[in-house]
Amino acid sequence: MNNAITLLEAVNLALNHALRNDSDVVLLGEDIGVNGGVFRATAGLQATFGEHRVLDTPLAEAMIAGLAVGMSSQGLKPVAEIQFMGFIFPAMEQLVVHAARMRNRTRGRLSCPLVVRAPYGGGIHAPEHHSESTEALFAHIPGLKVVIPSSPQRAYGLLLAAIADPDPVLILEPKRIYRSVKEPVTDDGKPLPLGRCYTLRPGRDITLVSWGAMICETLKAAETLAEEGIDAEVIDLVTLNPLDIDTLLQSVTRTGRLVVVQEAPRTCGIGAEIAASVSEHCLLSLQAPVRRVSGYDTIMPYLKLEQHYLPNTADIVQAAKQSMEAL
Amino acid sequence: MHESTLLRYIAPNGEPLTALPVWCSQSDWLVEAYRHMQFARLFDQKAIALQRTGQLGTYASILGAEAIDVAVGMCMEATDILAPYYRNHACQMVRGLPARHILSYWGGDERGSAAAEMQQDFPNCIPIATQTLHACGAAFALQYRQQSRIAVAMLGDGATSKGDFAEALNVAGVWKLPVVFIINNNQWAISVPRTLQSAVSRLSDKGLAAGVPAIQVDGNDIIALRIALETAFQTAREGQGPFLIEAISYRLSDHTTADDANRYRPAEELKTAWKHEPLARLRTLLFRLQLWDEQRDTALLHDLQNQLDAEVKAYLETPAPPVTDMFDYLHAELHPALREQRDWCEVNQMPGGSHAPGGADE
């Protein structure tokens, strides 16, 4: 019961629970069956639930998403895996022009309760196109929920919530911490709420907001700052659309300082949206300009240079200190 | 066009080319098809007139596609699932969708795709060929639940060039899905002719690469269409997998009301195509078979015109949807983050608001 498991194992546990308890749930994707997925997120599920529920598809991402649209419109709850987020673009048309708007364009007659899972982000020395963080492209789309878990327990509860959600949800899994973070997860089938932030560490002096794998560096930065007498609050954004801006505003109103940490390129990123919302709603509470720690506005480098691209703990500590020194 | 391999029962002049199936004379199926096709033709003319007079948005004409749509609609079971593109209004009407909702859709009202009469059918699909994958997904759901229903995807000749179509055929073949694809090969994809679309001589041959049986049929011949559709639907319904039908027709209209085909379509070609059109062909056949006469024809047209007028009236009298609908159908539940925008949207359209009727931008 108290055995600590990885984020990847938590995903598997949630999928297992969903398949066991709802015959409308089917999984589809490339290599997810016998092979259990290239990261093994679906390991053993085809053997347990059968080929008709855990479907190895032909190799075509637009098809995977289009099938999921068709399946979900008939009341099935497909959970599709896109092998890497770098290959999601053929599927993007189906997600944007159909999944995200089926409810709206039929005024609720049809809907698409589908889930698309995709590992995303850098730091695992992967080949070209396997390391980008393009979550903002999807968070911009009305009707598409975008969720990023950053711990095994949240991966478990949020995936179950996404499967239960009556609308399409894109779950981006930070593959850099697929196996590096462990914690005990209770397999109780309880979903965690979507559309809200999770405050991981309360603090008085400054608010640090992040999501995905960067949560690890952000928490480490908070510890370092604590050693220097700076009490940082760490918030895991979790749902990028719709954004739980109220929780962020409450925190920033208290602390007066905000650093947003994202692995993605800076321009038009989620950090920009958060900074804009904060300046619109609580500018007078700010004691320092909002700072962004992010990837550069460059192409994600191949593995030789990726550590120079990815923000690290020192970057976050430095930004927080600069924020503290302002005024 | 490969005349020798094309399934055809009626010559363009309405003459039977071979012995006709018994149901032609022993049922009222042909007359029923004629009624639907006449209504489609009247509807189409009226829709264009409404667009030209500013009472409808951009509209895609179905002129020349009546036989295909009506045959598909009549051969499908009510509980089957249609994944249409944007030129299947006749099929939708045969399946029970009142014309007022079709006008509503083309008039710019999302509620046009909300009608209960559409059951599980997909709404019109504008992004080319993407609906073929929805049909496969729906077909999977039917197969998964072991139902004997089928999904039917309709597409144009241009759509056969898209990867989505290839991916749909491919997965339908591998998974033996109960789905039928129907290409309305009307020779034109806006301004691009069939010859520039693909080097394959018959679009139905695209089924070969996916292991999907296919047939090419005269899309202006309602009898040939029914024969082909019955084979295809039976194959899918009995669990033997998908089927592809290429129906050869001709787009007698512009692409949409926003298009002018005179810029690219040879006048001679259009003139010839009119000699092949499906409605006159069926009408001549009905007269030849003594299933129809002038008197009944006049009465039918009068009756259909009255029906259409009532539908148009209902459409024109429907008020615009509430502005808040754009928020209320985004998700099953409105997220708190959207509440403020929804409130502003509502306030802005009130008297004195920035979007109030008669505002500065109007």
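Convention: sequence-line order gives letters A, B, ...; per-chain numbering from 1.
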Requested in this report: Could you tell me which of B/Ala139, B/Cys136, B/Pro127 has the largest number of non-hydrogen atom pairs under 4.5 Å with chain A?
Outcome: B/Pro127
Query raised in the report: Do A/Leu28 and B/Phe140 have side-chain heavy atoms sitting under 4.5 Å apart?
Result: no
Requested in this report: List the atom of B/Ala115, the atom of A/Arg109, and the distance in Å for their closest heavy-atom pair.
Outcome: O-CD, 3.3 Å
Query raised in the report: Is the shortest heavy-atom distance from the side chain of A/Met102 to the side chain of B/Phe122 under 4.5 Å?
Result: yes
Query - Other residues, nucleotides, ligands: >12 heavy atoms within 6.0 Å of B/Gln146 CD - result: no
Requested in this report: Decide whether A/Gln94 and B/His134 meet the rule of one side-chain donor and one side-chain acceptor closer than 3.5 Å.
Outcome: yes
Query raised in the report: Do B/His331 and A/Pro166 have side-chain heavy atoms sitting under 4.5 Å apart?
Result: no
Requested in this report: Against chain B, label A/Thr57 side chain, backbone, both or neither, depending on which of its atoms sit under 4.5 Å from a heavy atom there.
Outcome: both
Report summary line: In terms of heavy-atom contacts, B/Leu330 and A/Pro142 come closest through CD1-C, 3.9 Å
Report summary line: Okay, B/Asp328 and chain A: the region with an atom under 4.5 Å from a heavy atom over there is neither
Report task. Identify whether the distance between the nearest side-chain nitrogen and carboxylate oxygen of B/Lys162 and A/Glu93 falls below 4.0 Å. Result -> yes
Requested in this report: Please state whether the side chain, the backbone, both or neither of B/Ile81 comes within less than 4.5 Å of a heavy atom of chain A.
Outcome: side chain
Query raised in the report: Using non-hydrogen atoms only, which part of B/Ala332 is less than 4.5 Å away from chain A: side chain, backbone, both, or neither?
Result: both
Report task. Heavy-atom distances under 4.5 Å only: say whether B/Met118 touches chain A with side chain, backbone, both or neither. Result -> both
Query raised in the report: Non-hydrogen atoms of chain B under 4.5 Å away: do they reach the side chain of A/Ser73, the backbone, both or neither?
Result: both
Query raised in the report: Where on A/Asn241 is there a heavy atom nearer than 4.5 Å to chain B: the side chain, the backbone, both, or neither?
Result: neither
Query raised in the report: B/His335 versus chain A, heavy atoms under 4.5 Å apart: side chain, backbone, both or neither?
Result: side chain
Query raised in the report: What option among B/Val174, B/Asp325, B/Asn170, B/Thr132 has the most heavy-atom pairs under 4.5 Å with chain A?
Result: B/Asp325
Report task. Identify the heavy atoms of B/Trp175 and A/Pro58 that sit nearest to each other, and give their distance. Result -> CZ2-CD, 4.3 Å
Query raised in the report: Given the options A/Val97, A/Leu110, A/Ile245, which has more heavy-atom pairs under 4.5 Å with chain B than any of the others?
Result: A/Leu110
Report summary line: Given B/Val171, B/Leu142, B/Asp164, the one with more heavy-atom pairs under 4.5 angstrom with chain A than any other is B/Val171
Query raised in the report: Taking atom CZ of A/Arg103 and atom CD of B/Glu110, what is their separation to the nearest 0.5 Å?
Result: 14.5 Å
Query raised in the report: Counting only heavy atoms not in B/Gln240, do more than 12 sit closer than 6.0 Å to its CD atom?
Result: yes
Query raised in the report: Is B/Phe327 close to A/Asn104 at the side-chain level, that is, under 4.5 Å between some pair of heavy atoms?
Result: no
Query raised in the report: Does B/Ala141 offer a backbone N or O that forms a donor-acceptor pair with the side chain of A/Gln74 under 3.5 Å?
Result: no
Query raised in the report: Between the side chains of B/Tyr329 and A/Arg105, is a donor N or O closer than 3.5 angstrom to an acceptor N or O?
Result: no
Query raised in the report: For the atom pair CG (B/Leu338) and CG (A/Leu243), what is the distance rounded to the nearest 0.5 Å?
Result: 11.0 Å
Requested in this report: Quick one: closest heavy-atom pair of A/His98 and B/Cys125, and the distance?
Outcome: CE1-SG, 3.5 Å
Query raised in the report: Does A/Glu51 CD have over 12 foreign heavy atoms under 6.0 Å away?
Result: no
Report task. Below 4.5 Å from any heavy atom of chain A, which atoms of B/Gln143 appear? Answer side chain, backbone, both or neither. Result -> neither
Requested in this report: Using a 4.5 Å cut-off on heavy atoms from C-beta on, say whether the side chain of A/Leu76 contacts that of B/Arg145.
Outcome: yes
